[in-house]
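Numbering of ligands and ligand atoms starts at 1, following listing order. Count residues from 1 along the sequence.
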Amino acid sequence: MKKFIHVVGARPNFMKIAPLMSALSRAAAEQNIELQQILVHTGQHYTPEMSDLMFEQLGLPAPDYNLEVGSGPHGQQTGKVMEAFEKVLITEQPDLVVVVGDVNSTLACAIDARKMNIPVAHVEAGLRSFDRTMPEEINRILTDAISDYLFTTEELARVNLVNEGIDGQRVYFVGNTMIDTLLKHKNAAKNRPILEQLGLMDNGQPKSYGIATLHRPSNVDDPTTLANILESLLEVAKTLPLILPLHPRTQQNIRKFNLQSLIESHTLTVIDPQGYLDFLCLLSNAKMVLSDSGGIQEEATVLGVPCLTLRENTERPITLTEGTNRLVGKDPANIIKAFERLKNSHGTHKIPPLWDGRAAERIAEVLLGETADKAAP
Ligand code: UD1
(Lines give C-alpha, C1' and ligand atoms only; values in the text may rest on other atoms or scores of the structure.)
Protein backbone atom coordinates (compact mmCIF):
# COMPACT_ATOMS: atom_id res chain seq x y z
CA MET A 1 0.00 0.00 0.00
CA LYS A 2 1.17 3.51 -0.78
CA LYS A 3 0.14 6.62 1.08
CA PHE A 4 0.18 10.13 -0.40
CA ILE A 5 -0.53 13.30 1.58
CA HIS A 6 -1.94 16.27 -0.34
CA VAL A 7 -1.62 19.74 1.15
CA VAL A 8 -3.99 22.67 0.62
CA GLY A 9 -3.90 25.93 2.53
CA ALA A 10 -5.24 28.90 0.65
CA ARG A 11 -7.96 29.57 -1.90
CA PRO A 12 -5.85 29.10 -5.06
CA ASN A 13 -4.71 25.64 -3.90
CA PHE A 14 -8.08 23.92 -3.86
CA MET A 15 -8.68 23.88 -7.62
CA LYS A 16 -5.17 22.55 -8.24
CA ILE A 17 -5.47 19.54 -5.90
CA ALA A 18 -9.07 18.49 -6.69
CA PRO A 19 -8.41 17.02 -10.16
CA LEU A 20 -5.20 15.36 -8.99
CA MET A 21 -6.89 13.44 -6.17
CA SER A 22 -9.54 12.19 -8.61
CA ALA A 23 -7.02 11.28 -11.30
CA LEU A 24 -4.88 9.38 -8.78
CA SER A 25 -7.89 7.42 -7.50
CA ARG A 26 -8.92 6.48 -11.02
CA ALA A 27 -5.43 5.54 -12.16
CA ALA A 28 -4.70 3.53 -9.00
CA ALA A 29 -7.95 1.56 -9.39
CA GLU A 30 -7.24 0.88 -13.07
CA GLN A 31 -3.73 -0.29 -12.34
CA ASN A 32 -4.69 -2.33 -9.30
CA ILE A 33 -2.51 -0.21 -7.04
CA GLU A 34 -3.49 0.22 -3.42
CA LEU A 35 -3.31 3.94 -2.70
CA GLN A 36 -4.42 5.87 0.37
CA GLN A 37 -4.80 9.60 -0.16
CA ILE A 38 -4.86 11.92 2.82
CA LEU A 39 -5.93 15.54 2.49
CA VAL A 40 -4.44 18.09 4.89
CA HIS A 41 -5.88 21.62 5.07
CA THR A 42 -3.48 23.92 6.88
CA GLY A 43 -6.27 26.44 7.53
CA GLN A 44 -4.29 29.37 6.08
CA HIS A 45 -7.62 30.42 4.58
CA TYR A 46 -10.57 29.67 6.81
CA THR A 47 -13.59 31.90 6.18
CA PRO A 48 -16.50 30.12 4.46
CA GLU A 49 -16.15 32.02 1.16
CA MET A 50 -12.39 31.50 1.02
CA SER A 51 -12.47 27.83 1.97
CA ASP A 52 -15.61 25.74 2.73
CA LEU A 53 -17.48 26.88 -0.36
CA MET A 54 -14.54 25.87 -2.53
CA PHE A 55 -14.39 22.37 -1.03
CA GLU A 56 -18.08 21.90 -1.60
CA GLN A 57 -18.16 23.17 -5.17
CA LEU A 58 -15.02 21.40 -6.30
CA GLY A 59 -16.12 18.07 -4.84
CA LEU A 60 -13.05 17.86 -2.62
CA PRO A 61 -13.37 15.35 0.22
CA ALA A 62 -13.47 16.83 3.73
CA PRO A 63 -9.89 17.20 4.92
CA ASP A 64 -8.52 14.37 7.06
CA TYR A 65 -6.63 16.97 9.07
CA ASN A 66 -7.32 20.68 9.54
CA LEU A 67 -4.32 22.37 11.11
CA GLU A 68 -6.27 25.59 11.73
CA VAL A 69 -3.22 27.86 11.58
CA GLY A 70 -5.19 30.93 10.46
CA SER A 71 -3.68 34.31 9.58
CA GLY A 72 -0.52 35.93 10.86
CA PRO A 73 2.79 37.43 9.79
CA HIS A 74 4.80 35.27 7.38
CA GLY A 75 7.24 33.80 9.89
CA GLN A 76 4.52 32.98 12.37
CA GLN A 77 2.14 31.49 9.79
CA THR A 78 4.87 29.42 8.13
CA GLY A 79 6.20 28.28 11.50
CA LYS A 80 2.77 27.27 12.77
CA VAL A 81 2.13 25.18 9.64
CA MET A 82 5.54 23.53 9.98
CA GLU A 83 4.99 22.64 13.61
CA ALA A 84 1.53 21.18 13.04
CA PHE A 85 2.27 19.40 9.75
CA GLU A 86 5.36 17.69 11.16
CA LYS A 87 3.10 15.94 13.68
CA VAL A 88 0.88 14.70 10.84
CA LEU A 89 3.92 13.32 9.04
CA ILE A 90 5.12 11.55 12.18
CA THR A 91 1.71 9.92 12.62
CA GLU A 92 1.06 9.05 9.00
CA GLN A 93 4.56 8.28 7.62
CA PRO A 94 3.47 8.86 4.00
CA ASP A 95 5.41 7.80 0.91
CA LEU A 96 4.95 11.19 -0.75
CA VAL A 97 3.77 14.73 0.01
CA VAL A 98 2.13 16.73 -2.78
CA VAL A 99 2.19 20.54 -2.54
CA VAL A 100 0.80 23.01 -5.06
CA GLY A 101 1.33 26.65 -5.99
CA ASP A 102 3.30 29.21 -4.03
CA VAL A 103 1.59 30.08 -0.76
CA ASN A 104 3.20 29.92 2.68
CA SER A 105 1.65 26.50 3.35
CA THR A 106 3.31 25.12 0.20
CA LEU A 107 6.80 25.95 1.43
CA ALA A 108 6.17 25.04 5.08
CA CYS A 109 4.97 21.52 4.26
CA ALA A 110 7.68 20.91 1.67
CA ILE A 111 10.36 21.74 4.25
CA ASP A 112 8.83 19.41 6.85
CA ALA A 113 8.59 16.51 4.42
CA ARG A 114 12.04 16.92 2.92
CA LYS A 115 13.65 17.04 6.37
CA MET A 116 12.00 13.73 7.19
CA ASN A 117 13.29 12.32 3.89
CA ILE A 118 9.79 12.03 2.50
CA PRO A 119 9.72 12.77 -1.26
CA VAL A 120 7.95 15.97 -2.28
CA ALA A 121 6.02 16.61 -5.49
CA HIS A 122 5.48 20.27 -6.41
CA VAL A 123 2.65 21.01 -8.80
CA GLU A 124 3.09 24.34 -10.65
CA ALA A 125 6.88 24.31 -10.30
CA GLY A 126 9.35 26.61 -12.02
CA LEU A 127 7.23 29.75 -12.38
CA ARG A 128 9.33 32.85 -11.72
CA SER A 129 8.44 36.55 -11.62
CA PHE A 130 12.10 37.39 -10.85
CA ASP A 131 10.71 39.77 -8.24
CA ARG A 132 12.05 38.73 -4.87
CA THR A 133 9.94 41.29 -3.03
CA MET A 134 6.95 38.99 -3.63
CA PRO A 135 6.48 36.47 -0.82
CA GLU A 136 5.26 33.95 -3.39
CA GLU A 137 8.54 34.17 -5.34
CA ILE A 138 10.49 33.15 -2.24
CA ASN A 139 8.06 30.29 -1.65
CA ARG A 140 8.47 29.12 -5.26
CA ILE A 141 12.27 29.19 -5.32
CA LEU A 142 12.66 27.39 -2.01
CA THR A 143 9.95 24.79 -2.62
CA ASP A 144 11.41 23.91 -6.02
CA ALA A 145 14.93 23.64 -4.60
CA ILE A 146 13.89 20.78 -2.29
CA SER A 147 11.23 19.02 -4.39
CA ASP A 148 11.80 15.61 -5.94
CA TYR A 149 9.11 15.80 -8.63
CA LEU A 150 8.59 19.15 -10.31
CA PHE A 151 5.45 19.39 -12.43
CA THR A 152 5.35 22.40 -14.72
CA THR A 153 2.56 24.26 -16.51
CA GLU A 154 4.62 25.92 -19.23
CA GLU A 155 7.86 25.10 -21.00
CA LEU A 156 9.83 28.10 -19.79
CA ALA A 157 9.51 26.78 -16.24
CA ARG A 158 12.03 24.03 -17.03
CA VAL A 159 14.54 26.64 -18.18
CA ASN A 160 14.09 28.55 -14.92
CA LEU A 161 14.60 25.40 -12.88
CA VAL A 162 17.65 24.21 -14.79
CA ASN A 163 19.15 27.72 -14.48
CA GLU A 164 18.82 27.34 -10.72
CA GLY A 165 20.79 24.10 -10.83
CA ILE A 166 17.85 21.71 -10.58
CA ASP A 167 18.29 18.38 -12.36
CA GLY A 168 16.09 18.48 -15.48
CA GLN A 169 15.31 14.78 -15.01
CA ARG A 170 13.09 15.70 -12.08
CA VAL A 171 11.07 18.15 -14.19
CA TYR A 172 7.89 17.00 -15.93
CA PHE A 173 5.95 19.30 -18.26
CA VAL A 174 2.36 18.17 -17.70
CA GLY A 175 0.05 21.17 -18.22
CA ASN A 176 -2.14 22.99 -15.75
CA THR A 177 -4.32 21.29 -13.14
CA MET A 178 -6.14 24.57 -12.43
CA ILE A 179 -7.26 24.51 -16.05
CA ASP A 180 -8.36 20.86 -15.64
CA THR A 181 -10.75 22.18 -13.00
CA LEU A 182 -11.89 25.11 -15.12
CA LEU A 183 -12.71 22.90 -18.11
CA LYS A 184 -14.56 20.43 -15.89
CA HIS A 185 -16.78 23.08 -14.30
CA LYS A 186 -17.20 25.54 -17.18
CA ASN A 187 -20.63 24.30 -18.19
CA ALA A 188 -21.99 24.03 -14.64
CA ALA A 189 -20.81 27.58 -14.02
CA LYS A 190 -22.86 28.88 -16.96
CA ASN A 191 -26.11 28.03 -15.19
CA ARG A 192 -25.42 29.88 -11.96
CA PRO A 193 -28.00 32.55 -11.06
CA ILE A 194 -25.31 35.05 -10.02
CA LEU A 195 -25.71 37.24 -13.13
CA GLU A 196 -29.44 37.69 -12.49
CA GLN A 197 -28.80 38.27 -8.80
CA LEU A 198 -26.39 41.10 -9.60
CA GLY A 199 -28.69 42.61 -12.25
CA LEU A 200 -26.27 41.73 -15.02
CA MET A 201 -28.82 40.15 -17.38
CA ASP A 202 -30.83 41.97 -19.98
CA ASN A 203 -33.42 40.09 -22.09
CA GLY A 204 -31.75 36.78 -21.39
CA GLN A 205 -28.30 38.10 -22.38
CA PRO A 206 -25.41 39.12 -20.11
CA LYS A 207 -24.94 42.87 -20.02
CA SER A 208 -21.58 44.44 -20.74
CA TYR A 209 -19.54 44.46 -17.54
CA GLY A 210 -16.03 43.91 -16.27
CA ILE A 211 -14.70 42.22 -13.18
CA ALA A 212 -11.84 43.33 -10.94
CA THR A 213 -9.94 41.64 -8.11
CA LEU A 214 -7.19 42.99 -5.86
CA HIS A 215 -5.25 41.37 -3.05
CA ARG A 216 -1.46 41.59 -3.62
CA PRO A 217 0.26 43.20 -0.63
CA SER A 218 2.19 45.47 -3.05
CA ASN A 219 -1.14 46.86 -4.32
CA VAL A 220 -3.32 46.91 -1.24
CA ASP A 221 -1.07 47.37 1.81
CA ASP A 222 -0.05 50.97 1.01
CA PRO A 223 -2.80 53.61 1.32
CA THR A 224 -1.71 55.78 -1.64
CA THR A 225 -1.24 52.83 -3.99
CA LEU A 226 -4.59 51.34 -2.99
CA ALA A 227 -6.36 54.70 -3.39
CA ASN A 228 -4.80 55.21 -6.85
CA ILE A 229 -5.85 51.76 -8.02
CA LEU A 230 -9.40 52.19 -6.71
CA GLU A 231 -9.60 55.57 -8.48
CA SER A 232 -8.53 53.98 -11.76
CA LEU A 233 -11.18 51.30 -11.31
CA LEU A 234 -13.77 54.04 -10.79
CA GLU A 235 -12.60 55.69 -14.01
CA VAL A 236 -12.86 52.42 -15.94
CA ALA A 237 -16.30 51.79 -14.43
CA LYS A 238 -17.61 54.99 -16.03
CA THR A 239 -17.34 53.17 -19.39
CA LEU A 240 -17.57 49.54 -18.30
CA PRO A 241 -19.48 48.86 -15.06
CA LEU A 242 -17.31 46.76 -12.76
CA ILE A 243 -17.98 43.99 -10.27
CA LEU A 244 -15.40 43.92 -7.46
CA PRO A 245 -15.39 40.82 -5.25
CA LEU A 246 -13.36 42.05 -2.29
CA HIS A 247 -10.66 39.84 -0.80
CA PRO A 248 -10.58 40.04 3.04
CA ARG A 249 -7.11 41.66 3.04
CA THR A 250 -8.35 44.42 0.70
CA GLN A 251 -11.62 44.81 2.60
CA GLN A 252 -9.72 45.37 5.85
CA ASN A 253 -7.30 47.85 4.29
CA ILE A 254 -10.04 49.91 2.69
CA ARG A 255 -11.57 50.26 6.14
CA LYS A 256 -8.23 50.89 7.84
CA PHE A 257 -7.17 53.59 5.35
CA ASN A 258 -10.64 55.13 5.33
CA LEU A 259 -11.13 54.67 1.59
CA GLN A 260 -14.77 53.51 1.63
CA SER A 261 -15.88 56.54 -0.36
CA LEU A 262 -13.81 55.27 -3.30
CA ILE A 263 -15.93 52.15 -3.66
CA GLU A 264 -19.27 53.86 -3.34
CA SER A 265 -20.38 54.31 -6.91
CA HIS A 266 -23.37 52.96 -8.81
CA THR A 267 -21.02 51.68 -11.54
CA LEU A 268 -18.81 49.75 -9.13
CA THR A 269 -20.55 46.83 -7.45
CA VAL A 270 -18.66 45.55 -4.44
CA ILE A 271 -19.45 41.97 -3.41
CA ASP A 272 -17.96 39.42 -1.02
CA PRO A 273 -15.45 36.84 -2.30
CA GLN A 274 -17.37 34.34 -4.39
CA GLY A 275 -17.37 30.56 -4.52
CA TYR A 276 -15.58 28.89 -7.42
CA LEU A 277 -18.60 28.42 -9.69
CA ASP A 278 -20.02 31.91 -9.27
CA PHE A 279 -16.65 33.51 -9.87
CA LEU A 280 -16.15 31.37 -12.98
CA CYS A 281 -19.60 32.41 -14.21
CA LEU A 282 -18.76 36.09 -13.66
CA LEU A 283 -15.36 35.79 -15.31
CA SER A 284 -16.59 33.80 -18.33
CA ASN A 285 -19.21 36.41 -19.19
CA ALA A 286 -17.10 39.50 -18.50
CA LYS A 287 -15.88 41.81 -21.27
CA MET A 288 -12.61 42.28 -19.40
CA VAL A 289 -10.91 41.46 -16.13
CA LEU A 290 -8.58 43.76 -14.19
CA SER A 291 -6.68 41.87 -11.51
CA ASP A 292 -3.45 41.29 -9.65
CA SER A 293 -4.09 37.56 -9.23
CA GLY A 294 -1.79 34.90 -10.64
CA GLY A 295 -4.42 32.29 -11.47
CA ILE A 296 -6.86 34.68 -13.13
CA GLN A 297 -4.27 35.46 -15.83
CA GLU A 298 -4.41 31.78 -16.77
CA GLU A 299 -8.17 31.38 -16.46
CA ALA A 300 -8.81 34.50 -18.58
CA THR A 301 -6.40 33.15 -21.21
CA VAL A 302 -8.37 29.92 -21.56
CA LEU A 303 -11.73 31.70 -21.52
CA GLY A 304 -10.56 34.30 -24.07
CA VAL A 305 -11.38 37.20 -21.74
CA PRO A 306 -8.99 40.19 -22.10
CA CYS A 307 -7.03 40.56 -18.86
CA LEU A 308 -5.25 43.65 -17.56
CA THR A 309 -2.83 42.55 -14.86
CA LEU A 310 -2.16 45.29 -12.31
CA ARG A 311 1.43 44.23 -11.73
CA GLU A 312 4.83 45.06 -13.21
CA ASN A 313 5.71 41.40 -13.83
CA THR A 314 4.23 37.97 -14.12
CA GLU A 315 5.52 34.51 -13.27
CA ARG A 316 3.19 33.19 -15.99
CA PRO A 317 4.70 34.59 -19.21
CA ILE A 318 2.79 32.22 -21.48
CA THR A 319 -0.36 34.21 -20.69
CA LEU A 320 1.34 37.19 -22.36
CA THR A 321 2.78 35.40 -25.38
CA GLU A 322 -0.16 33.08 -26.14
CA GLY A 323 -2.98 34.39 -24.01
CA THR A 324 -5.09 37.46 -23.38
CA ASN A 325 -2.97 38.96 -20.61
CA ARG A 326 -1.36 42.45 -20.61
CA LEU A 327 0.83 43.79 -17.82
CA VAL A 328 -0.21 47.31 -16.90
CA GLY A 329 1.39 47.93 -13.49
CA LYS A 330 -0.31 50.08 -10.87
CA ASP A 331 0.03 53.55 -12.33
CA PRO A 332 -3.50 54.92 -12.88
CA ALA A 333 -2.66 56.62 -16.20
CA ASN A 334 -1.29 53.33 -17.59
CA ILE A 335 -4.25 51.33 -16.35
CA ILE A 336 -6.72 53.69 -17.99
CA LYS A 337 -4.71 53.92 -21.23
CA ALA A 338 -4.50 50.13 -21.47
CA PHE A 339 -8.23 49.85 -20.79
CA GLU A 340 -9.03 52.36 -23.56
CA ARG A 341 -6.83 50.42 -25.99
CA LEU A 342 -8.27 47.05 -25.10
CA LYS A 343 -11.93 47.82 -24.51
CA ASN A 344 -13.04 46.96 -28.02
CA SER A 345 -10.72 44.02 -28.55
CA HIS A 346 -11.98 40.47 -28.55
CA GLY A 347 -8.88 39.01 -26.97
CA THR A 348 -7.26 36.91 -29.70
CA HIS A 349 -5.59 34.03 -27.95
CA LYS A 350 -4.28 30.52 -28.24
CA ILE A 351 -4.65 27.84 -25.62
CA PRO A 352 -1.17 27.14 -24.22
CA PRO A 353 0.26 23.66 -24.88
CA LEU A 354 -1.11 20.88 -22.65
CA TRP A 355 -3.76 23.09 -21.05
CA ASP A 356 -6.21 20.47 -22.21
CA GLY A 357 -7.87 19.21 -19.06
CA ARG A 358 -5.52 16.23 -18.66
CA ALA A 359 -2.65 17.59 -16.58
CA ALA A 360 -3.72 15.70 -13.46
CA GLU A 361 -3.81 12.42 -15.41
CA ARG A 362 -0.22 13.02 -16.53
CA ILE A 363 0.90 13.72 -12.98
CA ALA A 364 -0.87 10.61 -11.72
CA GLU A 365 0.88 8.51 -14.33
CA VAL A 366 4.30 9.77 -13.24
CA LEU A 367 3.64 9.50 -9.52
CA LEU A 368 2.12 6.04 -9.63
CA GLY A 369 4.74 4.81 -12.05
CA GLU A 370 7.57 6.04 -9.88
CA THR A 371 6.36 5.33 -6.40
CA ALA A 372 3.72 2.63 -6.20
CA ASP A 373 4.19 -1.06 -5.54
CA LYS A 374 1.83 -3.12 -7.63
CA ALA A 375 -0.49 -5.19 -5.47
CA ALA A 376 0.10 -8.92 -5.80
CA PRO A 377 -2.06 -10.39 -8.61
C1 UD1 B 1 -2.52 34.32 0.27
C2 UD1 B 1 -1.23 33.91 -0.45
C3 UD1 B 1 -1.26 34.47 -1.88
C4 UD1 B 1 -2.52 34.06 -2.61
C5 UD1 B 1 -3.71 34.51 -1.78
C6 UD1 B 1 -5.02 34.13 -2.44
C7 UD1 B 1 0.86 33.70 0.82
C8 UD1 B 1 2.14 34.35 1.14
N9 UD1 B 1 -0.06 34.46 0.18
O10 UD1 B 1 -2.53 35.72 0.40
O11 UD1 B 1 -0.15 33.96 -2.58
O12 UD1 B 1 -2.53 34.67 -3.87
O13 UD1 B 1 -3.63 33.89 -0.50
O14 UD1 B 1 -6.09 34.65 -1.70
O15 UD1 B 1 0.70 32.56 1.14
N16 UD1 B 1 -8.33 36.50 5.85
C17 UD1 B 1 -9.65 36.25 6.12
N18 UD1 B 1 -10.15 35.00 5.85
C19 UD1 B 1 -9.39 34.02 5.33
C20 UD1 B 1 -8.03 34.29 5.05
C21 UD1 B 1 -7.53 35.53 5.29
O22 UD1 B 1 -10.38 37.11 6.59
O23 UD1 B 1 -9.89 32.92 5.11
C24 UD1 B 1 -7.77 37.83 6.10
C25 UD1 B 1 -6.88 37.85 7.30
O26 UD1 B 1 -7.14 38.97 8.07
C27 UD1 B 1 -5.48 37.96 6.76
C28 UD1 B 1 -5.68 38.57 5.38
O29 UD1 B 1 -7.00 38.23 4.98
O30 UD1 B 1 -4.64 38.70 7.57
C31 UD1 B 1 -4.70 38.04 4.38
O32 UD1 B 1 -4.66 36.63 4.38
P33 UD1 B 1 -3.29 35.81 4.16
O34 UD1 B 1 -3.59 34.35 4.14
O35 UD1 B 1 -2.23 36.31 5.09
O36 UD1 B 1 -2.78 36.25 2.75
P37 UD1 B 1 -3.52 36.48 1.39
O38 UD1 B 1 -3.42 37.92 1.10
O39 UD1 B 1 -4.86 35.83 1.36
Going by atom type alone, with no hydrogens or angles, which donor-acceptor pairs under 3.5 Å involve a side-chain atom of residues 258-269 and a protein atom two or more places apart or on another chain?
residue, atom, partner, partner atom, Å
Ser265, OG, Thr267, N, 3.1
Ser265, OG, Thr267, OG1, 2.9

Show the atom names and distances, to 0.1 Å, of all donor-acceptor pairs under 3.5 Å that link a side chain in residues 193-214 to residues at least two apart or in another chain.
residue, atom, partner, partner atom, Å
Lys207, NZ, Gly199, O, 3.1
Tyr209, OH, Leu282, O, 2.6
Thr213, OG1, Ser291, OG, 2.7

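With respect to the salt-bridge test (charged N to carboxylate O, under 4.0 angstrom), the residues Glu124 and Arg316 qualify.
For Lys350, the NZ atom counts as loosely surrounded, since its 6.0 Å shell holds 12 or fewer non-hydrogen atoms of other residues, nucleotides or ligands.
Shown are Gln44, Gln77, His45, Lys80; of these, the side chain to side chain donor-acceptor pair (under 3.5 Å) with Ser105 is made only by Gln44.
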Could you pull out every N or O of ligand 1 that sits under 3.5 Å from a protein N or O, with the distance for each pair?
residue, atom, partner, partner atom, Å
ligand 1, 11 (O), Glu136, OE2, 2.5
ligand 1, 12 (O), His215, NE2, 2.9
ligand 1, 13 (O), His45, NE2, 3.3
ligand 1, 14 (O), His247, NE2, 3.0
ligand 1, 15 (O), Gln44, NE2, 2.8
ligand 1, 15 (O), Asn104, N, 2.9
ligand 1, 18 (N), Thr47, OG1, 2.9
ligand 1, 23 (O), Tyr46, N, 2.7
ligand 1, 23 (O), Thr47, N, 3.0
ligand 1, 23 (O), Thr47, OG1, 2.9
ligand 1, 26 (O), Gln252, OE1, 3.3
ligand 1, 26 (O), Gln252, NE2, 2.8
ligand 1, 34 (O), His45, NE2, 3.3
ligand 1, 38 (O), Arg249, NE, 2.7
ligand 1, 38 (O), Arg249, NH2, 3.4
ligand 1, 39 (O), His45, NE2, 2.7
ligand 1, 39 (O), His247, NE2, 3.0

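Under the salt bridge (charged side-chain N to carboxylate O under 4.0 Å, His left out) criterion, Arg11 pairs with no residue at all, not counting sequence neighbours.
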